[in-house]
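All remarks here apply to the structure that follows.
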Amino acid sequence: MDVVVVYESKTGTTRRAALAMGDEFFDRGVRCRTYPVKGVDPAAVGEADLIIIGSWVDGLFAVGQRPGGRRNLERALGVMSGPEGTTLQGKRVALYCTYAVAPGRTLSKMEALVAELGGEVVGGLAIRRDSIGDGAARLVAAVADLSTV
Ligand SMILES: Cc1cc2nc3c(=O)[nH]c(=O)nc-3n(C[C@H](O)[C@H](O)[C@H](O)COP(=O)(O)O)c2cc1C
């Protein structure tokens, strides 16, 4: 059982969610490593049974929402997918985003990015920035069984 959480965070909220997920997995006895998108370790991704990718919601608050730092995210996904573009092939991936008011279609936009690289999206959650702890616990509870290999 091995989980990697990769997050893109501008002001720390999405990072906080990632670290809370790390705590939740630790409490379950599941190995979990956490990386900012710019520091992701492809070897750790290669070893993981489950990858969780988190981003913040960028937009005009009620319209035009998308994953924030999309270029960072794409770069990280490129690193994760490796030179052959195969590392995410067949990998289980769960997604989350953190938002203030409304996430819009951010999760489905992230899902499209992951699907292009062959990852299998097994779950996703939009977490309001005032309920990071609850959201992190809910996402981990939903995917924890999946990570039991
Ligand atoms: C430039 C910018 C645009 C944002 N646009 C939206 C938005 O369209 N909808 C929304 O619900 N929250 C929006 N937010 C709020 C963030 O998505 C939210 O605070 C998030 O938790 C920040 O995560 P971070 O601290 O990891 O960067 C925006 C924040 C910023 C800085």
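Treat the numbers as computed from the prediction; the structure is a model and nothing was measured. Computation of the quantities below employed the complete heavy-atom set of this structure, encompassing side-chain atoms and omitting hydrogens, waters and symmetry-equivalent molecules. Each ligand, and each atom within it, is numbered from 1 in the order the structure gives.
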*Short side-chain to backbone donor-acceptor contact, Lys38 and Arg75, under 3.5 Å*: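 Checking the backbone N and O of Arg75 against the side chain of Lys38, no donor-acceptor pair under 3.5 Å is found.
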*With no hydrogens and no angle check, is any side-chain donor or acceptor of Asp2 less than 3.5 Å from a backbone partner on Asp49?*
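No, because the side chain of Asp2 does not come within donor-acceptor range (under 3.5 Å) of the backbone of Asp49.
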Minimum-distance protein heavy atom relative to [atom]:
{"atom": "atom 11 (O) of ligand 1", "value": "Val101 N, 2.7 Å"}
{"atom": "atom 14 (N) of ligand 1", "value": "Val57 O, 3.2 Å"}
{"atom": "atom 12 (N) of ligand 1", "value": "Ala100 N, 3.2 Å"}
{"atom": "atom 1 (C) of ligand 1", "value": "Asp58 OD1, 3.7 Å"}
{"atom": "atom 5 (N) of ligand 1", "value": "Gly59 N, 3.0 Å"}
{"atom": "atom 25 (O) of ligand 1", "value": "Thr11 OG1, 2.4 Å"}
{"atom": "atom 19 (O) of ligand 1", "value": "Arg129 NH1, 2.8 Å"}
{"atom": "atom 30 (C) of ligand 1", "value": "Trp56 CZ3, 3.6 Å"}

*Counting heavy atoms only, name the option from Thr98, Ile132, Ile127 that's nearest to atom 21 (O) of ligand 1.*
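It is Thr98 that holds the nearest heavy atom.
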Residue pair [X] / [Y], side-chain heavy-atom distance below 4.5 Å:
{"X": "Tyr35", "Y": "Asp41", "answer": "yes"}
{"X": "Thr11", "Y": "Trp56", "answer": "no"}
{"X": "Lys109", "Y": "Thr106", "answer": "no"}
{"X": "Val143", "Y": "Ile52", "answer": "yes"}
{"X": "Glu120", "Y": "Val93", "answer": "no"}

*Find all atoms of ligand 1 within a distance of less than 4.0 Å from any non-hydrogen atom belonging to Leu60, and give their numbers and elements.*
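This gives 8 (O) as the contact atoms.
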*asked:* Within ligand 1, which atoms have a heavy atom of Gln65 less than 4.0 Å away?
replied: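 Answer for ligand 1: 8 (O).
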[X] N/O to ligand 1 N/O under 3.5 Å:
{"X": "Phe61", "value": "yes"}
{"X": "Ser9", "value": "yes"}
{"X": "Pro103", "value": "no"}
{"X": "Gly12", "value": "yes"}
{"X": "Glu8", "value": "no"}

*asked:* Quick check for you: to the nearest 0.5 Å, what is the distance between Ile132 atom CD1 and Arg16 atom CZ?
replied: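 Output value for this atom pair is 5.5 Å.
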*Do you see a donor-acceptor pair shorter than 3.5 Å between the side chains of Thr98 and Thr13?*
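No, no side-chain donor-acceptor pair sits under 3.5 Å.
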*asked:* Any carboxylate oxygen within less than 4.0 angstrom of a Lys/Arg side-chain nitrogen, looking at Glu47 and Arg33?
replied: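 Arg33 and Glu47: salt-bridged.
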